[in-house]
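What follows is one structure encoded as structure tokens, with my remarks underneath.
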There are 2 protein chains.
Amino acid sequence: MSTPAEDDLLLERQLCFALTVASRSVVGIYKPVLERMGLTHPQYLVMLALWERSPRTLKDISDALLHEPATLSPILRRLEEAGLLTRERVPGNERALAVTLTEAGAALREQATAVPGTIMERLGLSREEVAELHAAMTGLIAATQRPAPATLPG
Amino acid sequence: MSTPAEDDLLLERQLCFALTVASRSVVGIYKPVLERMGLTHPQYLVMLALWERSPRTLKDISDALLHEPATLSPILRRLEEAGLLTRERVPGNERALAVTLTEAGAALREQATAVPGTIMERLGLSREEVAELHAAMTGLIAATQRPAPATLPG
DNA sequence: CACTAATTATTAGTGCACTAACAATTAGTG
DNA sequence: CACTAATTGTTAGTGCACTAATAATTAGTG
């Protein structure tokens with residue numbers, strides 16, 4: 001027999017609880033490391049996207065980070081205030097916003113190269129263990145994006 | 001040779017990115033389910049803690065949920081406004097806040113028993129797969145709470 | 001060209017999570 | 001008892017994330 005559904009409401013058994021705690025805890029590990037670069041964690045993710053390609057439109061960054069443009073707007077505004085990027089309309093399509101790294105923004109990548117190693121060491125995880133956890137998360141994300149199973153007719 | 005550290009800054013390889021997306025995505029799955037009960041996800045976690053034991057002090061709930069009391073205060077205030085719990089000082093220790101389920105709060109557990117099954121079905125995950133993911137998250141949380149390795153003298 | 005629809009960003013409002021500062025009570029010490 | 005320290009909560013302020021509403025531009029249609 002399987003585990004009784006009786007205990008399904010125990011806090012310590014909730015995946016959603018473990019997941020939110022893990023997310024907050026891991027981001028908390030990044031915090032002191034990123035602070036030296038003057039970045040918050042969401043700002044760091046935006047910079048990662050721009051270090052891969054610049055300029056990019058807000059829409060493009062929004063798709064890459066799986067964030068609403070409304071969430072990214074204030075983050076980009078702060079990064080612009082910090083002098084790491086510029087925001088200007090795309091010539092020929094005034095609806096789109098072109099986000100471009102400044103020299104300072106591009107230069108910050110140097111410091112960032114040390115971050116992943118620092119975090120792995122801090123967590124005491126090997127590259128392989130990180131890859132396994134990453135794969136597990138990717139699978140879970142895929143599960144959330146699958147269409148909901150059809151409900152039985154009531 | 002191991003994977004070159006050159007690509008360590010690729011967004012798609014970041015565990016922290018996958019983790020925050022997974023957390024948001026899973027909580028997003030809960031949202032419509034909990035909305036029918038009038039709860040947000042953090043409120044749901046507080047209710048889970050109280051369904052296990054009531055009354056509990058704020059400090060006790062804070063320890064169980066790994067949340068600062070400052071984070072829980074406004075959540076508890078809203079749950080009190082919703083009539084699901086009461087907040088009063090502990091007789092004999094005026095510093096502590098006793099949080100107690102009301103009848104309505106206790107009764108809400110009936111509806112909640114269906115939640116875990118609904119979510120598992122929605123995610124298309126078996127009880128075993130959920131348990132595996134939960135164990136992975138628990139291990140990751142433990143990693144964040146271990147003391148940082150000693151830094152080499154520079 | 002005029003009208004409509006779609007795309008793209010921004011702003012306002014709600015709620016969570018954190019730190020820092022503050023207030024209040026309780027416990028410990030001489 | 002008076003003084004100090006520790007415990008416990010609350011409030012203020014910053015920032016993230018979402019939805020809804022709005023605005024502006026662009027594309028499509030007759």
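Lettering of chains follows the sequences in order, A, B, ..., and the numbering in each one begins at 1. Values in this document were obtained by computation on a predicted structure and should not be read as measured data.
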Is a side-chain donor or acceptor of A/R89 paired with a backbone partner of A/R95 at a separation under 3.5 angstrom? yes
Among D/dC16, C/dC16, C/dT19, the one nearest any side-chain atom of B/E68 is C/dT19
Of all the choices, D/dG9, D/dT25, D/dC18, which nucleotide is nearest to the side chain of B/K59 once you look at every atom? D/dG9
Proximity to the side chain of A/T57 - top-ranked nucleotide from D/dG9, D/dC18, C/dA9: C/dA9
Does any N or O in the side chain of B/R24 come within less than 3.5 Å of the main-chain N or O of A/L66, such that one atom is a donor and the other an acceptor? yes
Give a yes/no answer on whether the side chain of B/R77 brings an N or O atom under 4.0 Å of OP1 or OP2 in C/dC16. no
Could you tell me whether A/H41 contacts a base, only the sugar-phosphate backbone, or nothing, with contacts defined as non-hydrogen atoms closer than 4.0 Å? nothing
Complementary nucleotide of C/dC22, counting Watson-Crick and G-U pairs under 3.5 Å: D/dG9
Report the distance from atom CZ of B/R78 to atom C1' of C/dG15, rounded to the nearest whole Å. 5 Å
Do the ring planes of A/Y30 and A/H41 sit parallel (below 30°), tilted (30 to 60°) or perpendicular (above 60°)? perpendicular
Give a yes/no answer on whether the side chain of B/T71 brings an N or O atom under 4.0 Å of OP1 or OP2 in C/dC16. no
Just call it for A/T40: base, sugar-phosphate, or nothing, with non-hydrogen atoms closer than 4.0 Å on any strand. sugar-phosphate
Of the candidates C/dC16, D/dC18, D/dT11, the side chain of B/R24 sits closest to D/dC18
Give the nucleotide from the list C/dA17, D/dT25, D/dT11 with an atom nearest to the side chain of B/H67. C/dA17
Nearest to the side chain of B/R95, heavy atoms from C-beta on, is which of D/dG9, C/dC16, C/dT25? C/dT25
Under 4.0 Å from OP1 or OP2 of C/dT10: is there any side-chain N or O of A/S73 that close? yes
Got more than 12 heavy atoms from elsewhere within 6.0 Å of CD, B/E81? yes
Re C/dA2: Watson-Crick or G-U wobble partner, both distances kept under 3.5 Å, found to be D/dT29
